[in-house]
Each structure stands twice: as structure tokens, then as C-alpha cells.
Amino acid sequence: MKILGIETSCDETAAALLEINQIGFKVVNNVVLSQTKIHKKYGGIVPEVAARAHVESIIPVIKAALTVNSKLQFSQPDLIAVTKGPGLITSLSVGAQAAKTLSYVWNIPVVGVNHLEGHLWSFLLNQKSTIQNRLPAVAYKLPAIALIVSGGHTELILVEGFGKYKLIGQTLDDAAGEAFDKVAKMLSLGYPGGPVIAHFAKRGDPEKIKFPRPMLDSADFNFSFSGLKTAVKYYLAKVVPQGGFSQAFINDVCASFQAAVIEVLTAKTIKAAEKFKIKSVILGGGVSANENLTQNLKLKVQKLGIDFYYPEKWLTGDNASIIALAGYFNFKKNYPAQGSGKNNWQTLTTEANLQLV
Ligand code: KG4
Ligand code: ZN
């Protein structure tokens, strides 16, 4: 079965072709066209600009994803999976319209996918668990606690199976990735902030500045990063050095800020893991590209004697392979008897499954 994934929830125009058989998954093509350069001059994403860029790129990106040899022969898929939300509605609409149109023209089903569900299961596409190796069914242990950390979300979810989720905690204000982006902006480091802060943090001292650890000891599983962001702002205003920030100073701010975020994310996740007696911890979302986070969390999870699953770096940010995979699970769950035959799918799946959220 071949699945075309389409992802346009934010500022990446992405399409992927995923092949699935009895043994496992294979990412045939994973095409991501980032709009980062376009939005950089605004210091963040401008929804209207993002939607226009998606309109320009969506067809070339889908074509690239469907091209399986250099002769530009298209491989027609059996199923289309498209992000239905959460995200910027104007951006989502572009992907959804493209998906519905192709579904109509090819007479194949289309399913809507929750973006966070894509991030949650992204670890399954790691090379070691793909087609050459083991069955997805035996590759992971449930129930799990999933920590989803992206630019828009920070959530702790109790996972009992595909579609069986319980939200146990979330950020009350800024998402973790958003805090990285805003602190980077304060330091004039550009957008997105996560990768550049992680880069400078490597050379800084994480204990140099004692930034607060918001809600570290709260009785619930919620997060709050807005106060931490403000603490960085006040710190910068107070100690602003003559002649601007030195590189060493920036490195220390980045390292100390990053340490605060990671400590809270890790502590809350471990607390949830202990409380819910789960068999594994899953990490996903753009912030899971942060190696300090993955390594720190991995150590603590392993101490509990349970498994830790996280995506390889190429799967952490927004991409359509993870949407294709979650779409496949969604399709199997909701339409188990239908197989992948070319019936009159549009009315069945489009109406029921593709409400943008
Ligand atoms: O999942 P994602 O690509 O998009 C959303 O769904 O929001 O996440 C993007 C977020 C951005 O805030 C970006 O700064 C952050 O992920 N990010 C990182 C790193 N790489 C990307 N945050 C911390 N460390 C990183 N290495
Ligand atoms: Zn995302």
C-alpha cells in the first residue's frame, strides 16, 4: 500500500510517499520545502505569507514526493493522508484542498490527520524499525507517556493505543518551542530559535545563570514557559553589557535557558511515568531535535527500567512521512474492512474525516 502524506499546517510545505507492507514501513520520498527564509525577516511566521507560499509550492512538492525514478513517472498512491489540524487555518486549507482534489481525480480515499498524532508516532519511522526489520506491532510497548514538544504545543499524553489518548498535562501559556523562538529573538539570533540556541548552548555554562524552573514542583502535569521567557528578558535588560552581548555571554544565556526548559520537561515526564505505571516514554515534535533533551530524558527513563522512543532528527520537525503513517493507522482503524480498493471513497472519507480543526 502506498500512502501520499501532505503537511501544510505551518511554514513547511511537505509531501511524502510511504510504502507499507506486512513487514513494515518504507519512506520512499520525504520532501520538505521550508519557508524559513521567507519568514526570517519578520522574526516569526506570518500566516498570510505562509498560505501564499504553500499555494505556490504544493504541486511541485507533491510531484517530487510521487516521483519514484528520474524519468518523472508518477507513482499513484492508494491513500492520501493530510494534516487537518491543529495549525494555521489558511495554511491547512491549501493542503486539504490539494488532498481532496487528488482524491477526487484518482478516486482514492483521503483521511485527515491530527498533526500531534503524526509527531507522537514519528519514532516508528526510524531506520531501525522500518521495512527491513521488525513488525511495528512488536516494536514498541504500551501504555506509554508521550511528551509532544513543538512550536505550538507542549503536551503530556497517556497513550494506550492508536487513537486511545488521555491528555494529562499541557502548557498553560507558551509552548516549549515558542519559548526557544522568543528567547532567540531577544538575543537577535533569528528564527527559528531552537536550533541556534541549542548550538550556542553547547559552548555555554548551563549553571551560570539561575533561571526559574516554572511549575517544577506543582502537583499537576502542566507546564508554563512564559515566566521563564520573561525572566530571560529581565535578565538581559538588567545586565546588558557595554557594546552589546559578547559571544560568551550569549552562550551562557542559551545554555542556562535551555537547561531550565529541559529540567522541567524531564521532571514532569518522569513524574507522569512513575504515576501511571507505563511501559515506555515517547518523545516527539520539533523540540525533540534537541540532543540535550533526548539524552537527559533517555537517562532518566532508562533508570526507571522502561523503554524510551524518540524520532531520528530528520523526523522531528514538520514533515509528511509522519502524517502518512498516522493516516495509515487512522484508515486501518476507522475503515478496517475497506482495504485499499478504489471505490467511491470521496464521500465516505472526506466528509467524516477531513474536518479542519
Ligand atoms: O514540530 P515543529 O517543527 O512545528 C510545530 O508543530 O510547531 O516544531 C518547531 C519548533 C520551533 O519552535 C523550533 O524552534 C523548535 O521546534 N526546535 C527546537 C530545536 N529544533 C527545532 N527547539 C529546541 N532545540 C532544537 N534543536
Ligand atoms: Zn509540528
Side-chain angles (χ1 to χ4, degrees), residues 5-14 16 30 32-36 39-40 43-45 47 50 82-88 91-92 95 113-123 125 146-155 170-171 173-187 189-202 204 206 223 225-226 228-229 254-266 282-297 310-323 325-326 357:
I6 299 176
E7 152 65 40
T8 61
S9 66
C10 196
D11 63 337
E12 265 93 24
T13 315
N30 185 56
V32 182
L33 188 66
S34 172
Q35 302 173 3
T36 300
H39 296 287
K40 215 165 196 144
I45 298 160
V82 61
T83 306
K84 64 177 180 179
L88 304 169
S91 288
L92 290 164
V113 173
N114 182 301
H115 182 81
L116 300 179
E117 206 165 26
H119 281 308
L120 200 162
W121 299 105
S122 60
F123 73 93
L125 292 175
L147 172 66
I148 307 300
V149 264
S150 71
H153 294 83
T154 304
E155 296 192 350
Q170 61 184 320
T171 182
D173 40 59
D174 291 356
E178 192 179 351
F180 271 90
D181 295 336
K182 287 179 176 167
V183 167
K185 199 169 180 180
M186 290 173 204
L187 292 166
L189 298 179
Y191 174 86
V196 67
I197 288 191
H199 175 75
F200 289 134
K202 284 202 175 96
F223 303 93
F225 293 106
S226 161
L228 172 58
K229 172 195 71 186
C254 289
S256 300
F257 161 75
Q258 180 179 273
V261 176
I262 291 177
E263 189 177 332
V264 181
L265 290 174
T266 305
I282 298 171
L283 178 66
V287 182
S288 62
N290 190 295
E291 283 156 28
N292 277 50
L293 171 63
T294 51
Q295 292 318 309
N296 199 38
L297 194 53
Y310 62 104
E312 288 166 6
K313 213 158 184 171
W314 65 281
L315 291 162
T316 56
D318 290 348
N319 69 85
S321 297
I322 62 175
I323 301 305
L325 181 66
V357 292

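Counting convention: from 1, in listed order, for ligands and their atoms alike.
- Taken to the nearest 0.5 Å, the CD1 atom of I262 stands 9.5 Å off from the CZ atom of F257.
- Of the options S34, S150, G286, the smallest heavy-atom separation from atom 20 (N) of ligand 1 is shown by G286.
- Panel note: side chain T8, backbone S91; a donor-acceptor pair is recorded below 3.5 Å.
- When all heavy atoms of F225 and D174 are compared, the closest pair comes out as CD1-O, 3.5 Å.
- Of the N or O atoms in H115, one or more lie within a sub-3.5 Å distance of an N or O in ligand 1.
- In summary, the atoms of ligand 1 found under 4.0 Å from a heavy atom of H119, numbered by their order in the structure, are 1 (O), 6 (O).
- Remark: the backbone N or O of V32 is not paired with any side-chain donor or acceptor of E12 at under 3.5 angstrom.
- In this structure, CD in E263 is found 12.5 Å from CG in L293, a value given to the nearest 0.5 Å.
- Ligand 1 has an N or O atom lying under 3.5 Å from an N or O atom of G177, backbone or side chain.
- For ligand 1, the atoms lying closer than 4.0 Å to a non-hydrogen atom of G317 are 3 (O).
- Per-residue contacts place D181 under 4.0 angstrom from the following atoms of ligand 1 (heavy atoms of the residue considered): 11 (C), 12 (O), 13 (C), 14 (O).
- In this structure, H199 does not count as a contact residue of ligand 1, since none of its heavy atoms falls inside 4.0 Å of the ligand.
- With I323 as the partner, the side-chain contact (heavy atoms from CB on, under 4.5 Å) test is satisfied by one option alone out of T83, N114, D318: T83.
- For the pair D181 (side chain) and G193 (backbone), a donor-acceptor distance under 3.5 Å is present.
- Using a non-hydrogen distance threshold of 4.0 Å, C10 does not register as a contact of ligand 1.
- L187 is listed as a side-chain neighbour of C254, based on a closest heavy-atom distance under 4.5 Å.
- Closest to atom 7 (O) of ligand 1 among all protein heavy atoms lies G151 N, 2.8 Å.
- Within the 4.5 Å cutoff, side-chain heavy atoms of L297 are placed close to those of L147.
- Scanning the protein heavy atoms around atom 2 (P) of ligand 1, the nearest turns out to be D318 OD1, 3.3 Å.
- Closest to atom 18 (C) of ligand 1 by heavy atom, among P192, G194, G152, is G194.
- In this structure, S122 contributes its side chain and I322 its backbone to no donor-acceptor pair below 3.5 Å.
- Panel note: side chain N319, backbone G317; a donor-acceptor pair is recorded below 3.5 Å.
- Scanning the protein for heavy atoms near atom 24 (N) of ligand 1, the closest one is N290 ND2, 3.0 Å.
- The count of protein N, O or S atoms under 2.8 Å from the Zn ion (ligand 2) stands at 3, with waters excluded from the count.
- Looking only at heavy atoms of the protein, atom 15 (C) of ligand 1 is closest to V287 CG2, 4.0 Å.
- When atom types are taken as modelled, the side chain of D173 and the backbone of S226 share a donor-acceptor pair closer than 3.5 angstrom.
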